[in-house]
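Down below is the structure, laid out as C-alpha cells.
Every value quoted in this text rests on a predicted model; they were computed, and no experiment measured them. Proteins come first, then strands; the chains are lettered A, B, ... in the order of their sequence lines, and each starts at number 1.
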Protein chains: 2
Amino acid sequence: MSKGLETKENILKSALELTSKFGLESLSIGGLAKSVGMSKSGLFSHFKSKEALQVKVMDYAAFKFTSKVIKPAIKEERGIPRLEKMMELWIEWSENYMAGGCPFVSSFVEYDDRPGVVRDHIMHLQKTMIGSFERAIQIAIDEKQLKTSESVQYLAYKVYSNMLGYHIYSHLLSKEQARKNFTKQFREIIQT
Amino acid sequence: MSKGLETKENILKSALELTSKFGLESLSIGGLAKSVGMSKSGLFSHFKSKEALQVKVMDYAAFKFTSKVIKPAIKEERGIPRLEKMMELWIEWSENYMAGGCPFVSSFVEYDDRPGVVRDHIMHLQKTMIGSFERAIQIAIDEKQLKTSESVQYLAYKVYSNMLGYHIYSHLLSKEQARKNFTKQFREIIQT
DNA sequence: GTTAAAAACGAACGTTCGTGCTAAAATATC
DNA sequence: GATATTTTAGCACGAACGTTCGTTTTTAAC
C-alpha cells in the first residue's frame, strides 16, 4: 500500500472515533489534524473539501460496520441464529468499538434537516443498513423460524427502534439496564 | 410583561425552531440574532454566555413539551386513554410543531458525550420526560387497564424506543409509514 | 543515484465564532 | 416631564473555521 492510502486510512480511523464521540459536524480539519499529528493543510489535501471528508468518514463507518457486524453474522446459520448474532455484534460494535455511540444514529439525527451531499449519503447508508436487517429477517421467515404474519418492513422497524432505544438508554441509564431491555424486547419480537 | 422578557421569549422561540432544525450546537449567537432581527451583542446581553442560552433553550423546549403534550393529556381519563392521548400529542408535537424533529432526541444524541452543564441539563430533562411516561403507565397498571406483568420501566422503554423509531423512520421513509408502524407497535405494547 | 511525482508543511486569506466593552436609545418610575 | 433603569447597538478582541497557495520534504520509478 502506498504512503498516501496508509495515512488516509489513519486519518479516517481517527475521524471516525471523533465522529462517534462528538458528531460528524464538529469534526474540524484542524482538530482532526492535531489528533493524527499532521498539519491542517497536509490533511486537507487528501480530501478536497470538508464535505468530501465527511462522506468518506461515513463510508469508512459503513465499511467497518459491514466487516464487524454484517459479515461475521452471515457466517452464522440462516434464520434466527444469524439475526441473533447480528444483534449481539451490533451491540458490541456500538458499545466497545464505537466509544461515543453509533455514528449512523448520531449523524442521521444531525443531518436529517440539512439538505446536501452529506445528508443524502447518510440516508443512503442508513437505508442500506436497514436493508441488511430486512434481508436477515426475510430469511428467517423463509426458513419458517418466524411464525409471524407481520410484514418484513414492520419487523425491521421493531428491531431497529429497539436498537435506538438501547442506544439512548445506554447513555441515559446503565449499559446493563439498557441491554436487559434490549434483549427482552428482541426475544418478544422473534417469538410472537 | 416587561420588554426584556418579551424579547427573551421571542429569542427563545426562534432559537427552539433553529435547534429543532439544525441542532443545539449549530445554534450561533450571530445567526440567531439575525433571525430575530437584532444585534449580536444585544441578544447576547440577555444571556450571559452561550451555555446559558443553550440551557434556556432546552428549558423552553421542556416548557413547550409540557404545555403541548403532557398537560393536555392529563385532562384525558386516567389509564390507557391518557396514555394514548399522550402518544398522539407527542407525534403531533414532533410532526407539526417541531419542524426538524424532537429537540430532546437530537440534543441528547449531540451532547451525550460532551461533559458539561448542557449535557447534564439535557439528561435531566430527558429523564423527567421518561418519568412522565412511567407515571402514566403506572396509573394504567393501577387502574387494571394494563394486564401485564412487565415492570413499568420496561414498558416505558418500549414506549420510548417506539417513539425513537418513529422519529428516525419519519425522516427516512414517509411520515405515513412511520406513523403506521408506530401505532401498530403501541397497540401491541398495551395489549400484551 | 537521478529524476519525477506525491505528500506534507507553514503561512495567509476572509469569515464566523463567543465574548467583552462603552455609548446610545428605549422603557419604566415617580 | 424629569430621572433612573433597562435594553439595544456598535465596535473590537482573539481564536478557530475551511480553504488556497507556494515551498519543502518524502516517496516511488527508472
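With respect to Lys68(A) and Glu92(A), no salt bridge is recorded, no charged nitrogen being found less than 4.0 Å from a carboxylate O.
Distances shorter than 4.0 Å separate none of the side-chain N or O atoms of Ser45(B) from OP1 or OP2 on dT7(D). Between Ser28(B) and dC17(C) there is a side-chain polar atom (N or O) within less than 4.0 angstrom of OP1 or OP2. At the phosphate of dT8(D), OP1 or OP2 sits under 4.0 Å from a side-chain N or O atom of Thr7(B).
Leu32(A) comes within 4.0 angstrom of nothing in the nucleic acid, heavy atoms only. Leu53(A) comes within contact range of no nucleotide atom at all, as no heavy-atom separation falls under 4.0 Å.
The side chain of Ser49(B) lies closest to dT19(C) when the candidates are dT19(C), dA9(D), dG18(D). Minimum atom distance to the side chain of Lys40(B) is reached by dC17(C), of the listed dT8(D), dT19(D), dC17(C). With dT8(D), dT19(D), dA7(C) as the choices, the nucleotide that has an atom nearest any side-chain atom of Ser2(A) turns out to be dA7(C). The Ile29(A) side chain lies nearest to dG18(D) when the options are dT19(C), dG18(D), dT8(D). The side chain of Ser41(B) has dC21(C) as its nearest neighbour among dC17(C), dT19(D), dC21(C). If you check dC17(C), dT7(D), dT19(D) against the side chain of His46(B), the one that comes closest is dT7(D).
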Anything under 3.5 Å between a donor and an acceptor, one on a side chain of residues 179-190 of chain A, the other on a protein residue two or more places apart or in another chain? List them.
residue: Arg179(A); atom: NH1; partner: Glu95(A); partner atom: OE1; Å: 3.4
residue: Asn181(A); atom: OD1; partner: Gln153(B); partner atom: NE2; Å: 2.8
residue: Asn181(A); atom: ND2; partner: Gln177(A); partner atom: O; Å: 3.4
residue: Asn181(A); atom: ND2; partner: Gln153(B); partner atom: OE1; Å: 3.4
residue: Thr183(A); atom: OG1; partner: Arg179(A); partner atom: O; Å: 2.8
residue: Lys184(A); atom: NZ; partner: Glu150(B); partner atom: OE1; Å: 2.9
residue: Arg187(A); atom: NH1; partner: Glu84(A); partner atom: OE2; Å: 2.8
residue: Arg187(A); atom: NH2; partner: Glu84(A); partner atom: OE2; Å: 3.2
residue: Glu188(A); atom: OE1; partner: Lys158(B); partner atom: NZ; Å: 2.6
residue: Glu188(A); atom: OE2; partner: Tyr154(B); partner atom: OH; Å: 3.0

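Aromatic ring orientation, Phe104(A) versus Trp93(A): parallel (interplanar angle below 30°, classes split at 30° and 60°). In this structure, Tyr169(A) and Tyr157(B) have perpendicular ring planes: the angle between them is above 60°, well past the 30° mark.
As rounded to whole Å, 8 Å separates atom P of dT7(D) from atom NZ of Lys8(B). Atom pair Met38(B):CE and dA9(D):P shows a separation of 5 Å (rounding to whole Å applied). The distance between atom CG of Leu27(B) and atom C1' of dT16(C), rounded to the nearest whole Å, is 14 Å. Summarising the geometry, the separation between NZ on Lys50(B) and C1' on dC17(C) is reported as 8 Å, rounded to the nearest angstrom. At whole-Å resolution of the value, CG in Leu43(A) and C1' in dC17(D) are 14 Å apart. Between Phe22(A) atom CZ and dC17(D) atom P the separation is 13 Å, expressed in whole Å. The CD-P distance, from Glu25(B) to dC17(D), rounds to 11 Å in whole Å. Atom NZ in Lys34(A) sits about 16 Å away from atom C1' in dG18(D), given to the nearest Å.
Atom CE of Met58(B) and atom CD of Gln126(B) lie 8.0 Å apart (nearest 0.5 Å).
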